[in-house]
Amino acid sequence: MKKAIFISLTILLIFTAVSCKSTSPNLVAVTTTGDEFVMPENGSLTTLENGNLTINAAGGPVVDKQCYAAIAITNTNKAPYNFTDTEISVYYGNIKTGKWKLLNSWTAEEYFKEAKKAYKSDNFWSGVGSLFDFLGDMVFDGDNFGLGNGNSYKIKTNSQSYSNEIIASMMADIQKYLARKDSNLYIEYIESSLLYSSSIPASATYSGWVVFDDMKKKGPDYRVDFTNSETGEVSSIYFVKSDRKK
């Protein structure tokens, strides 16, 4: 088990190093001490305890003016936890000044609706985009998705022991699909992989992407709040961009 965690964290370190060298920055989940932030030694992974929940989070890429954050929620209780996506709120601001403004409450279905609309607008009449769509529909493994009418989603849960590995896998996947963002493969991946409302069984982990606008002109840092619907306890995850200067 320790070997598996070491491998997953190594993947995160490689991901961070590669991203930092590229022209596009990535998000890094950091810990805060007063008005300062500390880059974690284990890549971009951070862990918070919230009642009977353990929240693992990592910063993903910042691409096309959007920020991707991977979040895994482990239910350590003996009863299911009914997670609602709006329990996630995103703020932009500055860790040093402690000033924050609400960007949005996360709603996965609304985000996907807008993403799909933008994709169709950009690609529907494009010969290249249409060809990618056609090929993507032929080769993509539909068993990975429970989409259909867009109102029913196949929620994947895993043993809580593997939350680190889940996030490492998400980091690898997003790079692969962002490379084909002009194709239907990306839209299918995003639809299946966002953090939706879900009932999380006891001793299980549920994971997904939270995506929000890059507000670089209004504030360099981000805060993602998770509010436990059962206890009201709030946990804050802080992100900076990898090219952020202290």
- Message: Could you go through Val210 and Leu194, starting from their C-alpha distance and side-chain angles, then the distance that decides it, and tell me whether this counts as side chain to side chain contact (heavy atoms under 4.5 Å, CB included)?
- Response: CA-CA 6 Å; Val210 172; Leu194 296 176; over 6 Å; no

Modelled atom types, side-chain donor and acceptor of [X] and [Y], under 3.5 Å:
X	Y	value
Tyr81	Ser229	yes
Asp214	Tyr222	yes
Glu87	Thr227	no
Asp225	Ser236	yes
Thr205	Thr74	yes
Gln66	Tyr111	yes

List the atom pairs, donor and acceptor, that lie under 3.5 Å between side-chain atoms in residues 97-107 and the rest of the protein, sequence neighbours left out.
| unit_1 | atom_1 | unit_2 | atom_2 | d |
| --- | --- | --- | --- | --- |
| Thr97 | OG1 | Asn94 | O | 3.4 |
| Thr97 | OG1 | Lys99 | N | 3.3 |
| Trp106 | NE1 | Leu195 | O | 2.8 |

- Message: Run the side chain to side chain contact (heavy atoms under 4.5 Å, CB included) test on Asn26 and Lys241 for me, step by step, so that the C-alpha distance in whole Å, both residues' side-chain angles and the decisive distance to 0.1 Å come before the verdict.
- Response: CA-CA 6 Å; Asn26 63 286; Lys241 285 189 283 188; over 6 Å; no

- Any salt bridge between Asp221 and Arg223, counting N to O under 4.0 Å? no

- Pair Asp64 + Lys181, salt bridge at N-O below 4.0 Å: yes

Considering only heavy atoms from C-beta outward, does the side chain of [X] approach that of [Y] to under 4.5 Å?
X	Y	result
Val28	Phe239	no
Asn164	Leu45	yes
Trp209	Ile71	no
Phe226	Asn50	yes

- The single option from Asp85, Thr84, Asn82 passing side-chain hydrogen bond (donor to acceptor under 3.5 Å, both in side chains) against Ser197: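 Among Asp85, Thr84, Asn82, the one that satisfies the side-chain hydrogen bond (donor to acceptor under 3.5 Å, both in side chains) with Ser197 is Asp85.
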
- Query: Which of these, Asn75, Ile73, Leu53, sits in a side-chain contact (heavy atoms from CB on, under 4.5 Å) with Phe83?
  - Reply: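 The single option meeting the side-chain contact (heavy atoms from CB on, under 4.5 Å) with Phe83 is Ile73.
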
- Mind checking the CD1-OG1 spacing from Ile200 to Thr76? Nearest 0.5 Å is all I need.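 Result: 10.5 Å between the selected atoms.
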
